[in-house]
Amino acid sequence: LLCQPGASVVRATLVGLLALWAMAAGRPARSAYPLLVAFGAMIAWTPRSISDPGLILSFSAVVGILVLAEPLRRALVRVVPAPVAVALAVSAAATLATAPASALIFGQVSLVGLVANLVAVPVAGIVLVAGLTGALTACVAPAAGALPLAAAGGGAHVLVLIADAASGVPVATVGPREALGLGAAAAALWAMWRVGSGHAAGRRPQA
């Protein structure tokens, strides 16, 4: 009701309502089921939205978080504190999952999106809470809603500055071929690390 019904907004609304319905019915709210229902409903309602970049990126990011975030968190928690591991894992999962779509749609992949997201997400949370609080308060007392709305506006300005700074970094983006090469190299390093850690784990009982 407070913003335009873009693909990510509709997706979040449908998934949230389905999850709440499942909780009220006493059923397990499995994340994948509401997501699949929301995707099917949106495509059935507007078939042409299948080519909407917002829809593709939104669902890709959520699927990436559902599939990759937990394995990444388990790997990262060994080397960084748990809260940092969670933030890195979620951001990395969304970045990896949206990279193919970004390469296909825009012809480029961001190399700084992971770091930019880590800085932007806390600010976006403040903007969301302050903006919603200010908008609802202003409906009753306009003067009282001015302060949280000003905070939301300041936070939104900070988000723009973060985006500008990230896009201004040299080699902030690469083409699909370069991204594919970097992805293959990262996958090879990860596989080598997994094999090495597995061998090490197998040697420990003998030692």
Side-chain angles (χ1 to χ4, degrees), residues 8 11-12 14-16 18-20 22-23 27-39 56-103 108-130 155 158-159 161-163 165-167 169-174 178-207:
S8 61
R11 185 262 308 159
L14 291 176
V15 171
L18 289 169
L20 289 174
M23 293 172 61
R27 300 180 180 181
R30 301 183 185 276
S31 301
Y33 297 162
L35 187 66
L36 290 172
V37 172
F39 182 79
I56 297 171
L57 293 172
S58 176
F59 278 93
S60 297
V62 177
V63 170
I65 291 171
L66 291 177
V67 175
L68 299 175
E70 182 57 23
L72 289 172
R73 185 199 65 79
R74 289 198 300 264
L76 289 169
V77 78
R78 303 174 183 176
V79 293
V80 297
V84 178
V86 171
L88 281 172
V90 171
S91 184
T95 300
L96 290 171
T98 55
S102 179
Q108 61 183 17
V109 176
S110 174
L111 297 180
V112 298
L114 175 60
V115 177
N117 284 340
L118 291 176
V119 180
V121 165
V123 180
I126 295 173
V127 172
L128 176 63
V129 174
V158 171
L159 291 176
L161 294 178
I162 293 172
S167 63
V169 174
V171 198
T173 60
V174 295
E178 293 83 355
L180 183 61
L182 291 172
L189 290 173
W190 179 82
M192 292 172 61
W193 174 79
R194 289 287 294 178
V195 171
S197 63
H199 288 171
R203 288 194 297 268
R204 287 192 190 103
Q206 298 175 6

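Being a predicted model, the structure only gives us computed values, none of them experimental. What's counted below: heavy atoms across the whole structure, side chains too, no hydrogens, waters or symmetry copies.
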**Request:** Write down the atom of Val77, the atom of Ala82, and the distance for their closest heavy-atom approach.
**Result:** CG2-CA, 4.1 Å
**Any side-chain heavy-atom pair of Leu14 and Val37 under 4.5 Å** = no
**Prompt:** Do you know the tightest heavy-atom contact between Ala38 and Arg11?
**Reply:** CB-O, 4.5 Å
**Fill in**
All heavy atoms of Ile56 vs all of Ala101, minimum pair found to be CG2-CB, 3.7 Å
**Nearest heavy-atom neighbours spanning Ala69 and Ala89** = O-CB, 3.4 Å
**Request:** For residues 111-129, pull every pair meeting salt bridge (charged side-chain N to carboxylate O under 4.0 Å, His left out), keeping only residues two or more places apart or in separate chains.
**Result:** none
**Message:** I need the minimum non-hydrogen distance between Leu72 and Ala92, along with the two atoms involved.
**Reply:** CD1-CB, 4.0 Å
**Item:** Ser91 OG to Ile65 CD1 distance, which is reported to the nearest 0.5 Å
**Value:** 8.5 Å
**Message:** Could you measure the distance from the CG atom of Leu118 to the CG atom of Leu88? Nearest 0.5 Å is fine.
**Reply:** 5.0 Å
**Prompt:** If you take all heavy atoms of Ser60 and Ala97, which pair is closest and at what distance?
**Reply:** O-CB, 3.2 Å
